[in-house]
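These notes are about the structure you will find just below.
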Amino acid sequence: MFQVPRGTRDFTPEEMQKRRYLEHTMATTFTSFGYGEIQTPTFENQELFTAKSGESIINELYAFNDKGGRALALRPELTAPVIRCYVERLQMEPKPLKLYYFGNCYRYDRPQKGRYREFQQAGCELIGTDTHEATAELLALAYTILKNTGLKDIHLNIGNLTIISAIFRKLHLLKDDQKMILPLIDKSQFDDLQIALRDCNVSEEMITTFLDVLQTSDITKIRAFIGDDAEANTELSSLETILDLLRDAFHIPDYVIKLSIVRGLDYYKGLVFEIDAPALGAEKQLCGGGSYDLISLFGGTAVPTSGFAIGFDRTLLALEEEGFQFPTPKLDVFVIPVNPTMNNTVIQITQKLRSLGISADFDQLRRGIGKSLKYADAKHAEKVIIVGPKELENNTVTIRNMKTGAQEVVTLNDIYTKLQKS
RNA sequence: GCCCGAAUAGUGUAGCCUGGUAACAUAUGGGACUGUGGAUCCUCUGUGCCGGGUUCAAAUCCCGGUUCGGGCCCCA
């Protein structure tokens with residue numbers, strides 16, 4: 001027996017129904033915010049990803065050489081391909097340029113729940129603006145997309161790398177020490193962090209205040225800590241303005257300032273954010289993003305960029321965990337011939353309904369009415385048309401409403417007006 | 001890449017400890033009910049993840065692999 005490769009999945013019609021629903025609601029929200037869809041190849045030159053994230057990521061790439069000896073890789077994410085495309089052919093588009101995407105990505109990782117080797121990402125890039133209102137809108141978009149899918153419990157956490165760097169300066173931490181404590185901050189392991197800071201000769205008083213600042217949402221506390229650092233003060237004022245807009249203009253009040261968000265990569269600068277779904281446990285992060293600079297790295301003219309990526313599969317899992325009722329696939333009409341001599345009429349009725357945009361199907365197994373009703377029920381048919389000799393003598397059929405069980409006899413000509421109204 | 005657990009009809013499970021006829025529910029196909037039964041009843045089909053070992057005998061015990069889950073690493 002064959003089975004799917006490790007970390008990959010088949011999607012049944014039932015699962016595809018959910019995935020298409022989710023994709024549709026997300027795409028609708030993106031377009032309502034003025035974004036246009038973009039699609040890039042499933043594989044790219046390996047260099048694109050190593051340039052962005054360093055050689056070490058080859059271990060987690062599906063990388064291969066093609067028959068011409070070109071070093072290629074299945075894409076592990078979509079930001080680099082989209083920015084590559086921008087640099088290659090979209091630089092002269094009017095700004096701001098708003099791009100969104102859906103796409104399968106591939107990473108050689110140990111699979112577990114919410115983590116697959118082939119997975120889908122949804123996301124967007126905002127190119128050519130970093131005004132407060134643009135940044136606030138990006139945060140609002142990320143939050144709104146997830147809310148619009150029907151998710152109830154999500155947490156938006158906002159951090160800032162410029163501010164955290166200023167704090168490090170304040171603590172007089174060496175570069176190597178910073179590297180060591182960053183992962184501890186990212187994982188919110190504050191006990192270990194405290195010990196590590198003592199080893200770096202940071203005073204007890206500073207450690208206490210620092211830990212407090214990392215966990216606070218109070219901007220005044222943060223401002224007090226960074227003191228007269230000009231760059232950090234500017235950034236903090238910007239953050240304050242952005243958050244005011246998010247709360248008062250976009251009406252999204254439930255965010256949390258979390259300076260401990262550092263994210264795992266070097267090209268982010270300034271604002272970073274994450275959205276979690278507590279329902280998911282270990283792999284609970286649904287969305288991550290921020291402002292970054294990749295364009296100059298890829299040889300384009302530097303303009304401000306920001307964006308985020310959403311874990312599509314995790315979002316779906318979170319909805320399932322919350323018991324979300326997905327729309328069920330339905331059939332408008334199922335047509336049942338009482339015996340096979342009715343087939344000709346039954347097919348004509350079915351075809352006419354289909355041509356009117358009404359989804360319709362008919363019994364193709366020559367089963368009795370009972371079994372056919374059961375099948376119609378399993379397929380969530382709304383109405384059933386029963387075609388039998390008794391009715392046909394008077395050029396009529398029986399229409400049964402599957403929800404109420406109510407039946408009425410209708411002439412052949414009236415079927416279509418009758419069904420179109422409802 | 002590391003530690004731990006699991007794997008039995010399409011689906012959900014029992015049996016495993018203590019080796020001895022693979023079971024139950026549900027779903028699917030067929031039939032009865034002579035056109036209303038989205039019922040009921042009857043019935044066919046379909047199952048031990050893979051490979052080795054121990055044994056007269058392995059779903060059961062042992063070893064290796066695979067896959068899935070839980071926790072790490074990582075998370076662009």
Side-chain angles (χ1 to χ4, degrees), chain A residues 1-10 12 14 44 48-61 73-83 105-117 119 121 123 183 186-187 189 261-268 272 274 280-290 292 294 297 307-309 311 314 317 331 334 336-339 341-342 363-393 397-409:
Chain A
M1 280 287 281
F2 291 110
Q3 51 184 232
V4 294
R6 182 168 161 88
T8 67
R9 296 155 296 160
D10 296 317
T12 62
E14 193 189 344
E44 297 266 357
L48 179 72
F49 303 114
T50 52
K52 178 188 167 220
S53 313
E55 293 289 330
S56 61
I57 60 140
I58 286 191
N59 294 330
E60 290 161 35
L61 282 179
L74 297 181
R75 60 189 178 197
E77 51 103 29
L78 282 155
T79 298
V82 168
I83 295 304
C105 298
Y106 304 83
R107 294 181 192 178
Y108 193 84
D109 253 347
R110 179 199 166 283
Q112 59 190 77
K113 192 175 185 182
R115 188 171 195 176
Y116 311 95
R117 289 184 170 178
F119 59 98
Q121 277 198 346
D186 193 30
K187 278 171 236 155
Q189 294 173 347
I261 297 179
V262 294
R263 298 192 59 73
L265 56 163
D266 301 327
Y267 65 83
Y268 275 114
V272 285
E274 295 176 350
L280 287 185
E283 302 287 339
K284 66 174 183 176
Q285 192 188 320
L286 295 182
C287 172
Y292 60 89
L294 262 186
L297 183 66
F308 61 81
R314 285 183 194 178
L317 276 175
L331 186 68
F334 189 72
I336 303 173
V338 169
N339 65 57
T341 61
M342 312 289 115
D363 171 48
Q364 301 177 346
L365 270 176
R366 301 177 184 178
R367 284 183 288 216
I369 292 187
K371 289 263 162 90
S372 284
L373 282 173
K374 192 181 170 188
Y375 180 78
D377 184 45
K379 292 292 175 188
H380 305 107
E382 303 227 314
K383 300 240 165 91
V384 158
I385 297 179
I386 297 168
V387 183
K390 272 194 244 161
E391 291 98 331
L392 274 188
E393 275 173 27
V397 294
T398 300
I399 299 181
R400 180 184 178 92
N401 183 317
M402 292 296 279
K403 271 187 197 122
T404 63
Q407 295 192 171
E408 58 181 325
V409 178

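Here is the naming used below: chain letters follow the sequence lines, and residue numbers restart at 1 for every chain. For clarity, every value in this text was computed on a predicted model and none was experimentally measured.
Among the nucleotides B:G38, B:G35, B:G70, the one closest to the side chain of A:Arg400 is B:G38. In this structure, the nucleotide among B:G30, B:G35, B:G38 sitting nearest to the side chain of A:Met402 is B:G38. You'll find that the side chain of A:Lys371 is closest to B:G31, out of B:G31, B:C74, B:G38. Listed candidates were B:G29, B:G35, B:C68. Nearest to the side chain of A:Pro111 is B:C68.
With hydrogens and angles ignored, no donor-acceptor pair closer than 3.5 Å exists between the side chain of A:Lys403 and the base of B:G38. The base of B:U66 does not come close enough to the side chain of A:Gln3 for any donor and acceptor atom to sit less than 3.5 Å apart. A donor-acceptor contact under 3.5 Å is not formed by the side chain of A:Arg6 with the base of B:U66. One cannot find a donor-acceptor pair under 3.5 Å joining the base of B:G71 and the side-chain atoms of A:Glu283. For A:Arg110 against B:G70, a side-chain-to-base donor-acceptor contact under 3.5 Å is present.
Listed pair A:Arg115 / B:C75 fails the phosphate criterion, with no side-chain N or O lying under 4.0 Å from OP1 or OP2. Remark: A:Lys374 is in phosphate contact with B:U28, judged by side-chain N or O atoms under 4.0 Å from OP1 or OP2.
The gap from the C1' atom of B:U60 to that of B:A7 amounts to 14 Å, rounded to the nearest Å. Separating the P atom of B:G46 from that of B:C68 is a span of 29 Å, rounded to the nearest Å. With both ends at atom P, the span from B:G5 to B:C41 equals 44 Å, rounded to whole Å. To the nearest whole angstrom, the two P atoms, one in B:U18 and one in B:A6, are 15 Å apart. B:G12 and B:A27 have their C1' atoms separated by 11 Å, with the value rounded to a whole Å. Only the P atoms considered, B:G20 is 15 Å distant from B:C62, to the nearest whole Å.
A:Arg75 comes within contact range of no nucleotide atom at all, as no heavy-atom separation falls under 4.0 Å. At the heavy-atom level, A:Gly7 lies under 4.0 Å from the strands shown only through sugar-phosphate atoms.
A:Leu373 places its CG atom 15 Å from the C1' atom of B:U40, with the value rounded to the nearest Å.
Taking every heavy atom of both residues into account, A:Gly114 and A:Arg314 meet most closely at O-NE, 2.8 Å.
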